[in-house]
Chemist: 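Structure in structure tokens, see below.
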2 protein chains.
Amino acid sequence: MPPTMAAAPAIRELPEPPGLPEPLPEPAVDDLRLETVLSALSEPLRLRIVRKLLLERESFDHPCGWFGLDRPKSSLTHHFKALREAGIIRQRQYGLERRSHVRVADLDARFPGLLALVTAWTPDAR
Amino acid sequence: MPPTMAAAPAIRELPEPPGLPEPLPEPAVDDLRLETVLSALSEPLRLRIVRKLLLERESFDHPCGWFGLDRPKSSLTHHFKALREAGIIRQRQYGLERRSHVRVADLDARFPGLLALVTAWTPDAR
DNA sequence: GTACTAGTTCGACTTTTGTCGTACCGTCGG
DNA sequence: CCGACGGTACGACAAAAGTCGAACTAGTAC
């Protein structure tokens, strides 16, 4: 996809169509901290979430229930929030549901190679 | 104590001279887990330790006091042990002192690009 | 021997993190 | 209007992780 120059921000994950809901509050690219990102990714469940988002990102945004995680809703909120506040995912509100995607360009810019490690990860095999 | 701590790993960081003390117990290369490694590296003090080891590794092994960390000894023991049990550093006993170095080859083999992120990290600037 | 030194081990404490129930809110379809 | 739905907020609890003092061990040096 050629980068159709969107309005405001410098780098975007994808050429995003206009009229999207505003992203929920998140750290700016320059504020991403390696410790924080690593800490967020050191939780197996969150690693699963991010990996799944990376592997199946063609459908762009994903609501929270799409992941098939058998945890209560309040636990999921907790983890998605942790990922967003670490700067790993961006979340937007679409009516009822809140959809997430990985901030690929931002993370690649700040921590090149990191997402490849996540993609290559396998849940508990060696 | 984490589960299997096999000695005698397959790959060596350097062509090590003979007659070295045996490394302290550590996970084998194939047992390195991304979650564990990320978790160990998500602690700023440990990140500092690993980065310093990477940047000044020409002198190979470093005793514990060399790092200039103003924490009590028991705290340092704690962090070095965490790094070793995560498979990030190898430690050997040289008489009184215990010297550490990063398992560069092992980590590069399992998690390529990870150590570059650590090297590029800066303690608390943005 | 004594003393010094690098480091461990133990245990107590504090802080952080994860887990989850309950109550709640806003949107959509009748 | 109502209820179902996707999700948040709060708060209590449990588990994990960091901090550190005190006592200890093992080499080295005198």
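Every chain is numbered from 1 and lettered A, B, ... according to where its sequence line falls, protein lines coming before strand lines.
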Chemist: To the nearest angstrom, how far is A:Arg92 atom CZ from D:dG7 atom C1'?
Modeler: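 The answer, rounded to whole Å, is 18 Å.
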Chemist: So, does B:Arg98 use its side chain to make a donor-acceptor pair with the main chain of B:Gln91 at under 3.5 Å?
Modeler: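 Not at all, since once roles are kept as given, no pair shorter than 3.5 Å links the two residues.
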Chemist: Using whole Å, what does the distance between atom P of nucleotide D:dG7 and atom CG of A:Leu83 come to?
Modeler: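 Rounded to the whole Å, the gap is 14 Å.
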Chemist: B:Ile89 CD1 to C:dG7 C1': how many Å, rounded?
Modeler: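 Going from CD1 in B:Ile89 over to C1' in C:dG7 covers 13 Å.
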Chemist: In whole angstrom, give the distance that lies between atom CD of A:Gln93 and atom P of D:dG7.
Modeler: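 Value for this atom pair: 8 Å.
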Chemist: Just how far, in rounded Å, is C1' of D:dT8 from OH of A:Tyr94?
Modeler: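 In whole Å, D:dT8 C1' lies 19 Å from A:Tyr94 OH.
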Chemist: Under 4.5 Å between any side-chain heavy atoms of B:Leu114 and B:Leu41, yes or no?
Modeler: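 A side-chain contact under 4.5 Å exists here.
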Chemist: Is there a side-chain contact between B:Arg48 and B:Leu69 (heavy atoms, below 4.5 Å)?
Modeler: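 In short, these two side chains touch, coming nearer than 4.5 Å.
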Chemist: Do nucleotides 19-25 of chain C as a string where each nucleotide becomes B, S or -: B if the base has a protein heavy atom under 4.0 Å, S if just the sugar-phosphate does, - if no protein is that close.
Modeler: BBB----
Chemist: Over how many whole Å does the gap from B:Leu47 atom CG to D:dG18 atom C1' extend?
Modeler: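 Interatomic distance, CG of B:Leu47 to C1' of D:dG18: 16 Å.
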Chemist: Rounded to whole angstroms, how far apart are CG on B:Leu96 and C1' on D:dC24?
Modeler: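 Taking CG of B:Leu96 and C1' of D:dC24, I get 14 Å after rounding.
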Chemist: Between A:Arg99 and D:dG6, is there a contact of a side-chain N or O with OP1 or OP2 at under 4.0 Å?
Modeler: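 It does not, given that no N or O in the side chain of A:Arg99 lies less than 4.0 Å from OP1 or OP2 of D:dG6.
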Chemist: Given that A:Gly95 and A:Arg46 both sit by DNA chain C, which one's nearest nucleotide is further toward the 5' end?
Modeler: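 Nearer the 5' end of the strand: A:Arg46.
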Chemist: Does the side chain of B:Val104 come within less than 4.5 Å of B:Leu54's, by heavy atoms?
Modeler: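 Of all side-chain heavy-atom pairs linking B:Val104 with B:Leu54, at least one is under 4.5 Å.
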Chemist: Looking at A:Glu26, is its backbone amide N or carbonyl O close enough to the side chain of A:Arg84 to form a donor-acceptor pair, meaning the two atoms are under 3.5 Å apart?
Modeler: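 Absent.
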Chemist: Using side-chain hydrogen bond (donor to acceptor under 3.5 Å, both in side chains) as the criterion, list what pairs up with A:Arg51, not counting sequence neighbours.
Modeler: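 Partners of A:Arg51 under the side-chain hydrogen bond (donor to acceptor under 3.5 Å, both in side chains) test: none.
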Chemist: When the distance from CG of A:Leu41 to C1' of C:dT17 is rounded to whole Å, what number comes out?
Modeler: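 After rounding, the reported distance stands at 16 Å.
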